[in-house]
There are 2 protein chains.
Amino acid sequence: MASGPVASPRKEADSPRNFFAEKSRACGYCELRSKGFCSRLSENQKALLAEVSRLVTLESHKTLFRQGEEADNVYVVRNGMLRLYQRMLDGRRQVIGFAKAGDLLLFPFSERNDYSADALDSVYLCQFRRQDFLGLLQREPELLSALAVITHDELTRARYQIALLSQRKAEPKMAQFLLALFESCARPDSNPMAIPVRVPQADIADYLGMTVETVNRTMARLVRDAIISVAKHGLDLLDVKRLREIAESY
Amino acid sequence: MASGPVASPRKEADSPRNFFAEKSRACGYCELRSKGFCSRLSENQKALLAEVSRLVTLESHKTLFRQGEEADNVYVVRNGMLRLYQRMLDGRRQVIGFAKAGDLLLFPFSERNDYSADALDSVYLCQFRRQDFLGLLQREPELLSALAVITHDELTRARYQIALLSQRKAEPKMAQFLLALFESCARPDSNPMAIPVRVPQADIADYLGMTVETVNRTMARLVRDAIISVAKHGLDLLDVKRLREIAESY
DNA sequence: TGGTTCGTATGATCCAGATCAATTCCCATC
DNA sequence: GATGGGAATTGATCTGGATCATACGAACCA
């Protein structure tokens with residue numbers, strides 16, 4: 001998802017007039033039925049979710065929600081990419097991930113948002129009132145186990161990031177990060193792999209725990225060596241093999 | 001837990017003869033009823049768990065389970081401390097945490113262990129056959145939501161570690177780590193705070209992504225400055241205030 | 001009891017990445 | 001097409017932690 005020409009999210013999703021129409025067919029047409037959180041659900045459960053979901057759009061650079069705010073909603077990303085980050089006590093910003101289609105944002109049992117989310121491009125999401133979602137969880141144990149499992153998946157990804165961060169060298173760090181990002185953006189058809197969104201270097205820096213300068217120099221080297229190339233709105237992977245080698249060069 | 005004089009785990013827990021006796025009163029006497037995973041459960045659920053739990057002990061330095069092995073059991077720590085770690089592709093060892101009383105080890109839905117666990121001192125655990133645990137989860141949705149919540153708690157801790165790792169300076173990194181460890185070992189009565197287990201410097205190094213040498217020098221400085229002191233079997237916190245200052249000095 | 005090993009401790013050197021400092025590029029907007 | 005601001009880029013320098021090397025003590029055990 002979020003790859004190739006991005007279908008421009010329909011603005012009218014926000015308007016009450018089209019709300020019902022959107023609602024009733026929300027899951028039926030969604031390409032995510034086979035990806036991420038939704039793919040773990042039965043048709044029946046998806047119908048229940050669709051019942052209480054609302055389609056919303058978010059322009060590039062806008063903030064979806066902020067850390068610490070009361071958690072009124074949870075979201076499933078349908079299209080586009082967001083950066084997720086936490087503000088640390090010392091003021092540092094820690095980017096904890098990049099959300100893509102299929103990802104569930106926020107944990108329904110948490111009463112406050114534990115991170116902030118900004119759109120990196122135009123984003124299209126399913127929104128659920130947290131209370132509605134909780135109600136469903138209570139009625140549908142299957143949904144609850146799906147939640148447990150994807151939370152554990154997130155934990156696995158967090159541990160992956162931990163491994164990345166304790167890497168000492170900048171190049172393999174970068175290479176591993178890019179590989180993971182390319183892979184998570186991969187669609188069966190698209191070859192070679194591409195990241196269809198321009199991820200600011202500052203965000204990569206705050207994800208990998210390095211400075212922008214180092215991120216920039218490291219990426220510049222990869223570009224010079226024709227391993228990746230920066231396109232107008234994203235990144236292309238030119239040489240998987242060499243990127244893998246660098247990733248393992250530690 | 002795991003603080004003060006550690007009640008030496010009863011060996012006979014392993015013997016079939018005492019097994020039943022142990023089983024029937026497992027939760028009734030356990031101090032953990034008000035801590036960690038178990039504290040989230042009703043009396044009824046604890047009874048169900050006790051039904052299928054088995055008390056096991058593990059000597060210091062022994063391995064409880066290994067990453068990649070088929071997951072036959074899950075555990076709840078009752079006493080003692082373990083190090084949890086993953087082996088990375090490049091051979092590096094990443095310590096992902098230190099488990100203490102009340103912590104659930106392994107995710108019941110995972111068919112393979114996603115990390116290894118070694119005892120840092122004598123450890124006393126409740127063991128559950130994974131299939132039994134899964135059965136309970138299926139029958140008891142409350143248990144399932146407790147699982148989701150503690151998995152999310154672990155995710156929160158992982159993100160804390162992420163923030164730690166992207167710290168550049170060794171001193172605040174160390175200070176923050178120690179503070180968290182002291183706090184997680186704190187018991188209402190014990191004052192000043194103490195970590196009742198000797199955590200090898202190599203483990204700290206692999207947790208914080210630094211070398212043993214740096215860990216050693218950084219800790220040596222803290223000891224010289226009378227902020228902490230190394231006891232025979234653990235660490236004592238002498239000056240919380242200054243340790244906090246260092247932690248925030250970034 | 002001597003020997004091996006593992007954890008801890010400490011010194012000397014080196015270097016990758018942080019830091020400081022401009023400059024250029026890219027757009028969005030006027 | 002002028003203008004302004006954020007992001008990207010590039011250079012010069014500095015430094016903290018990695019690396020290498022060695023030594024010491026305690027536990028283990030043959």
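So that the names make sense, note that chain A is the first sequence line, chain B the second, and so on, each numbered from 1. Note: hydrogens, waters and symmetry copies are ignored here, and every other heavy atom, side chains too, is used.
- Ring geometry for Tyr75(A) versus Phe65(A): interplanar angle under 30°, hence parallel rather than tilted (30 to 60°).
- Here the side chain of Thr214(B) is nearest to one of dT10(D), dA18(D), dG17(C), namely dA18(D).
- For the pair Met210(A) CE and dG17(D) P, the interatomic distance rounds to 18 Å; values are reported in whole Å.
- Listed by first and then second residue, the side-chain hydrogen bond (donor to acceptor under 3.5 Å, both in side chains) pairs that reach into residues 60-74 of chain A are Thr63(A)-Asp118(A), sequence neighbours excluded.
- For Lys169(A), counting side-chain heavy atoms from C-beta on, the closest listed nucleotide (dG17(D), dG17(C), dA18(D)) is dG17(C).
- Across the interface with DNA chain C, nearest-nucleotide mapping of Glu171(A) and Arg198(B) shows Arg198(B) to be the residue nearer the 5′ end.
- Rounded to an integer number of Å, the gap from CD of Gln167(A) to C1' of dA18(D) is 14 Å.
- His152(B) and Phe107(A) have parallel rings, their planes meeting at less than 30° on a 0 to 90° scale where 60° marks the start of perpendicular.
- Positionally, the nearest nucleotide of DNA chain D for Arg217(A) lies more toward the 5' end than for the other of Arg168(A) and Arg217(A).
- For Met174(B) and dG17(D), the CE to P distance is 12 Å, given to the nearest whole Å.
- Between the NZ atom of Lys232(A) and the C1' atom of dA7(D) there is a distance of 19 Å, given to the nearest Å.
- On a pure distance criterion of 3.5 Å, a polar donor-acceptor pair joins the side chain of Glu213(B) and the base of dC20(D).
- A close approach under 4.0 Å does not occur between any side-chain nitrogen or oxygen of Thr211(B) and OP1 or OP2 of dG17(D).
- Computed from coordinates, the His61(A) NE2 to dT29(C) P distance equals 11 Å when rounded to whole Å.
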Which side-chain N or O atoms in residues 232-239 of chain A pair as donor and acceptor under 3.5 Å with protein atoms at least two apart or in another chain?
unit_1: Asp239(A); atom_1: OD1; unit_2: Lys241(A); atom_2: N; d: 3.4
unit_1: Asp239(A); atom_1: OD1; unit_2: Arg242(A); atom_2: N; d: 3.1
unit_1: Asp239(A); atom_1: OD2; unit_2: Arg242(A); atom_2: NE; d: 3.2

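- As rounded to whole Å, 17 Å separates atom C1' of dC27(C) from atom CG of Asp121(A).
- Among the nucleotides dT8(C), dG11(D), dA18(C), the one closest to any side-chain atom of Asn216(B) is dT8(C).
- At dC6(C), none of the side-chain N or O atoms of Gln201(B) fall inside 4.0 Å of OP1 or OP2 (strictly under the cut-off).
- Which of dG17(C), dA9(C), dT9(D) sits closest to the side chain of Ala170(A) comes down to dG17(C).
- Side-chain N/O atoms of Arg168(A) and Thr211(B) include no donor and acceptor closer than 3.5 Å.
- Taking atom CG of Asp203(B) as the reference point, atom P of dC6(C) lies 15 Å away to the nearest angstrom.
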